[in-house]
Amino acid sequence: MTKKLLFAGVATALLAAAGAPALAEDDAKAGVTQSDANLTAVINHDRRKDDNARDVYRNPAETLAFFQVKPTHTVAEYGPGGGWYTRILLPYLSANGKYVAVNGNSDSINFSSRAREGRSKSWPERFPDAASGWTGIPADQIAAFESDEVPDEMKGKIDRVVIFRSLHGMLNGTRADSELRALRDILADDGMIGVVQHRANADASYAMSNGTKGYLKQDSVIALFELNGFELVDSSEINANPKDTKDYEKGVWTLPPVLTNKDQDRAKYQAIGESDRMTLLFKKRS
């Protein structure tokens, strides 16, 4: 697979177009920093008009603040998928930091078809164009790698790694240990890794908390990270949802935004909202 080393470069006019200076002036009166104001501008930009409905459940400003993400950081987003957080992180970091997209090692996956294997293995080449279409930032300024192909010169240079709602996928694919160790290698010595994950009840059965339903126990996630060279810095209830009963036959995908049961009890699940989530911050253990 071709390695692609494409770093975020000169700032675009995205924040200016979003009216960031005026917003920063208003926010400064309330004691909000320029970087906070720029993040607010990015979150409120028209490019996210289809994403905004999820903000009430995903709390992006508060979550990134908890992860201590700064606009000067180099941030790796693991498994960016459809780009919900990419449309925030990439514009936010484009002026003074770097955004790096990281996907799992495709060589460790058993694919059900050659077509799926081809899509997975071509992801590092395809993602920059997709992210450019989402954000307007040139594709040649966007870096994308599989976790085992991050260039040596980038290892130990990443300030933050963020993982949103995908730990269960690592575990289901028996790749969690190898992926977390690869992510540890790319973190700076003082770097940290932020995690948001669907949360099972502490007393949940194995069947409801082993990841196949999307949910994991918070203590189990902490133990997994400790096993792979991390220690917990802090936890937050930013993304908690006490309405989530976590007992669905079809797992977390019963809830929005997937609503896998389609019209069956649709109003009920929409009233619950998205899943209850743990929000955890880890650092490398020496």
Side-chain angles (χ1 to χ4, degrees), residues 36 39-40 42-44 48 50-70 73 75-90 92-93 160-172 176 180 183 192-204 208-225 230-248 250-260 268-283:
D36 293 334
L39 180 57
T40 299
V42 168
I43 289 172
N44 291 332
R48 294 194 67 253
D50 293 332
D51 293 339
N52 283 336
R54 309 265 70 82
D55 290 355
V56 66
Y57 305 116
R58 300 182 180 182
N59 306 291
E62 295 85 352
T63 299
L64 295 178
F66 177 75
F67 291 160
Q68 302 175 38
V69 172
K70 299 178 181 178
H73 278 164
V75 178
E77 181 184 11
Y78 183 88
W84 196 93
Y85 257 103
T86 309
R87 287 185 282 275
I88 297 172
L89 288 166
L90 183 50
Y92 180 56
L93 298 167
R160 297 288 183 275
V161 173
V162 290
I163 305 175
F164 298 108
R165 307 177 312 280
S166 60
L167 278 176
H168 58 282
M170 289 189 205
L171 284 164
N172 293 338
L180 291 182
L183 295 176
M192 292 191 284
I193 184 164
V195 176
V196 177
Q197 175 60 38
H198 312 296
R199 177 168 53 191
N201 291 329
D203 61 352
M208 296 303 297
S209 63
N210 64 7
T212 57
K213 303 289 188 181
Y215 293 100
L216 300 171
K217 293 182 180 180
Q218 185 162 319
D219 286 350
S220 298
V221 170
I222 294 171
L224 174 66
F225 273 82
F230 296 91
E231 61 182 272
L232 182 68
V233 174
D234 202 359
S235 63
S236 172
E237 293 300 297
I238 295 168
N239 296 301
N241 180 4
K243 295 180 181 179
D244 182 7
T245 58
K246 314 173 190 183
D247 57 357
Y248 321 109
K250 296 182 180 179
V252 71
W253 304 280
T254 303
L255 298 176
V258 177
L259 291 167
T260 193
K268 169 186 172 181
Y269 298 127
Q270 286 179 323
I272 292 173
E274 295 193 12
S275 67
D276 177 50
R277 292 161 186 168
M278 64 186 88
T279 304
L280 308 174
L281 185 63
F282 297 92
K283 67 178 181 179

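Atoms NE2 and CZ, from H168 and R165 in turn, are 9.0 Å apart once rounded to the nearest 0.5 Å. The OG1 atom of T254 sits 9.0 Å away from the CD1 atom of I272 when rounded to the nearest 0.5 Å. The line from CG of L255 to OG1 of T260 is 11.0 Å long, rounded to the nearest 0.5 Å. We find the CG-CG distance between L64 and N59 to be 10.5 Å, quoted to the nearest 0.5 Å.
For N201 (side chain) and D203 (main-chain N/O), no donor-acceptor pair under 3.5 Å exists by modelled atom type. Between the side chain of S236 and the backbone N or O of I238, at least one donor-acceptor pair lies under 3.5 Å. Checking side-chain atoms of D234 against main-chain N and O of L281 turns up no donor-acceptor pair under 3.5 Å. The backbone N or O of R58 sits less than 3.5 Å from a side-chain atom of T63, completing a donor-acceptor pair. Within the 3.5 Å criterion, the main-chain N or O of M278 finds no donor-acceptor partner in the side chain of Q197. Side chain of R160 to main chain of F67: a donor-acceptor pair is present (N/O by atom type, distance under 3.5 Å, no hydrogens or angles).
Screening Y85, Y57, Y78 against F164 for a ring-ring contact (aromatic ring centres under 6.0 Å, His included) leaves a single residue, Y85. Among V196, L89, I193, the single residue meeting the side chain to side chain contact (heavy atoms under 4.5 Å, CB included) criterion with V162 is L89.
Legend: residues meeting side-chain contact (heavy atoms from CB on, under 4.5 Å) with D276, ordered by chain and number and at least two apart, are R199, A240, N241, D244, K246. Remark: F230 engages F225 in a ring-ring contact (aromatic ring centres under 6.0 Å, His included) (not counting sequence neighbours). When the side-chain hydrogen bond (donor to acceptor under 3.5 Å, both in side chains) test is applied to S166, no partner is found at least two apart in sequence or on another chain. With sequence neighbours excluded, the residues forming a side-chain contact (heavy atoms from CB on, under 4.5 Å) with K213 are M208, Y215, listed by chain and number. Remark: L232 engages I222, L280, F282 in a side-chain contact (heavy atoms from CB on, under 4.5 Å) (not counting sequence neighbours). By the side-chain contact (heavy atoms from CB on, under 4.5 Å) test, D51 pairs with R48, W84, R87, sequence neighbours left out.
Annotation: D219, atom CG; neighbour count of heavy atoms from other residues, nucleotides and ligands within 6.0 Å does not exceed 12.
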- Task: Show your reasoning for whether side-chain contact (heavy atoms from CB on, under 4.5 Å) applies to D55 and N52.
- Result: CA-CA 5 Å; D55 290 355; N52 283 336; 3.3 Å; yes
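No side-chain donor-acceptor contact under 3.5 Å links E237 and T279.
Between Y248 and W253 there is no side-chain heavy-atom pair separated by less than 4.5 Å. The shortest distance between side-chain heavy atoms of L216 and S209 does not fall below 4.5 Å.
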